[in-house]
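Small disclaimer: the values here were computed from a predicted structure and weren't measured. Worth knowing before you read on, the calculation uses all heavy atoms, side chains too, and leaves out hydrogens, waters and symmetry mates.
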Amino acid sequence: QVQLVESGGGLVQAGGSLRLSCAASGGTFSNYVMGWFRQAPGKEREFVAGISRSGSSTYYVDSVKGRFTISRGNAKNTVYLQMNSLKPEDTAVYYCAATRDTSYPDRYYVYDYWGQGTQVTVSS
């Protein structure tokens, strides 16, 4: 069983930055593709970013390209999401997820393990 714990959410003004962290335990971290998803009230869960097992490949939804950066520190069993130039539409609960499936990092259903979520609120 893999456990994921997100941290780093909070309230920030538009144009500001936050860095989310996701600490993993209970598995071999480097064997997992890691992803970030978000869900705003009344909206569907949305893929935000993904990163390959080694960290050599990253994937982003178009709306965050150029603003968000996903990275991982395998020695620390942690994945990060650096969020810059935040917009009010980025407001959501952000979830970290892990999968051993290397083919479809943008699909929510391939992820086996999920964190509890961390709230990100961006004010105008």
Side-chain angles (χ1 to χ4, degrees):
Q1 185 73 23
V2 173
Q3 296 82 44
L4 304 173
V5 179
E6 302 98 333
S7 61
L11 175 65
V12 65
Q13 292 186 344
S17 298
L18 286 172
R19 189 181 76 159
L20 306 184
S21 297
C22 173
S25 62
T28 302
F29 183 68
S30 61
N31 287 345
Y32 291 86
V33 171
M34 302 297 296
W36 287 96
F37 291 76
R38 65 188 180 188
Q39 188 166 24
K43 296 185 178 180
E44 296 293 318
R45 177 172 33 187
E46 177 188 33
F47 170 79
V48 178
I51 189 165
S52 62
R53 293 170 296 176
S54 68
S56 62
S57 298
T58 57
Y59 317 91
Y60 300 94
V61 67
D62 286 347
S63 61
V64 310
K65 288 181 179 177
R67 300 189 298 120
F68 290 11
T69 302
I70 188 171
S71 62
R72 67 192 296 161
N74 284 352
K76 295 185 176 182
N77 291 354
T78 303
V79 63
Y80 306 94
L81 186 67
Q82 178 67 47
M83 305 186 294
N84 298 326
S85 301
L86 283 161
K87 303 175 180 179
E89 51 262 46
D90 296 319
T91 295
V93 177
Y94 283 70
Y95 297 93
C96 174
T99 179
R100 299 187 69 151
D101 189 330
T102 64
S103 298
Y104 303 101
D106 60 332
R107 313 287 179 85
Y108 75 90
Y109 53 79
V110 309
Y111 288 88
D112 302 305
Y113 305 103
W114 294 83
Q116 82 288 353
T118 186
Q119 177 71 48
V120 172
T121 302
V122 184
S123 63
S124 300

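At least one donor-acceptor pair under 3.5 Å links the side chain of Asn74 to the backbone N or O of Arg53. In this structure, Gln39 contributes its side chain and Ala92 its backbone to no donor-acceptor pair below 3.5 Å. A donor-acceptor distance shorter than 3.5 angstrom exists from the side chain of Glu6 to the backbone of Cys96, with no hydrogens or angles considered. Checked by atom type and distance alone, the side chain of Arg38 never pairs as donor or acceptor with a backbone atom of Val120 at under 3.5 Å. A donor-acceptor pair under 3.5 Å links the side-chain atoms of Gln3 to the main chain of Gln1, judged by distance alone. Panel note: side chain Arg72, backbone Val33; no donor-acceptor pair is recorded below 3.5 Å. When atom types are taken as modelled, the side chain of Thr91 and the backbone of Val122 share a donor-acceptor pair closer than 3.5 angstrom.
The local environment of OH in Tyr108 is sparse, with at most 12 non-hydrogen atoms from other residues, nucleotides or ligands closer than 6.0 Å. More than 12 heavy atoms of other residues, nucleotides or ligands sit less than 6.0 Å from atom OH of Tyr59. No more than 12 heavy atoms of other residues, nucleotides or ligands lie within 6.0 Å of CD in Glu44, so this atom counts as exposed by the packing criterion.
Listed here is the closest heavy atom pair of Asn84 and Ser17: OD1-OG, 2.8 Å. Nearest heavy atom pair, residue Leu81 against residue Ala49, reads CD1-CB, 4.0 Å. Scanning all heavy atoms of the two residues, the minimum distance from Val93 to Gln119 falls at CG2-OE1, 3.2 Å. When all heavy atoms are compared, the tightest approach of Pro88 to Ala14 is CD-CB, 4.1 Å.
In this structure, Tyr80 is not a member of the same hydrophobic cluster as Val61, with clusters built from ILVMFWY side-chain heavy atoms closer than 4.5 Å.
Within the 4.5 Å cutoff, no side-chain heavy atoms of Tyr60 are placed close to those of Arg67. In this structure, Phe37 and Trp114 have side chains that are in contact, with non-hydrogen atoms separated by less than 4.5 Å. For the pair Tyr32/Val2, a side-chain contact is recorded, criterion being any heavy-atom separation below 4.5 Å from C-beta on. Under the 4.5 Å side-chain criterion, counting only non-hydrogen atoms from C-beta, Val79 is in contact with Trp36. Looking at heavy atoms from C-beta onward, Tyr95 lies out of side-chain contact with Arg45 at the 4.5 angstrom threshold. The shortest distance between side-chain heavy atoms of Tyr111 and Asp101 does not fall below 4.5 Å.
Note that OG of Ser25 is 7.5 Å distant from CG of Leu4, once rounded to the nearest 0.5 Å. Residue Arg19 holds its CZ atom at 12.0 Å from OG1 of Thr69, rounded to the nearest 0.5 Å. Note that CD1 of Ile70 and CD of Gln82 are 12.0 Å apart. Values are rounded to the nearest 0.5 Å. Rounded to the nearest 0.5 angstrom, Thr78 OG1 and Leu20 CG are separated by 12.5 Å. Here the SG-OH distance, from Cys22 to Tyr113, works out to 13.5 Å after rounding to the nearest 0.5 Å. Taking CG of Asp112 as the reference point, atom OG1 of Thr99 lies at 4.5 Å (rounded to 0.5 Å).
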**OP:** Decide yes or no on side chain to side chain contact (heavy atoms under 4.5 Å, CB included) for Glu46 and Ser63, but give the supporting numbers first.
**Re:** CA-CA 11 Å; Glu46 177 188 33; Ser63 61; 4.2 Å; yes
Subject >> Step-by-step side chain to side chain contact (heavy atoms under 4.5 Å, CB included) determination, Phe68 to Leu18 >> reply: CA-CA 10 Å; Phe68 290 11; Leu18 286 172; over 6 Å; no
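Taking a cutoff of 4.0 Å between a charged side-chain nitrogen and a carboxylate oxygen, Lys87 and Asp90 do not qualify as a salt bridge.
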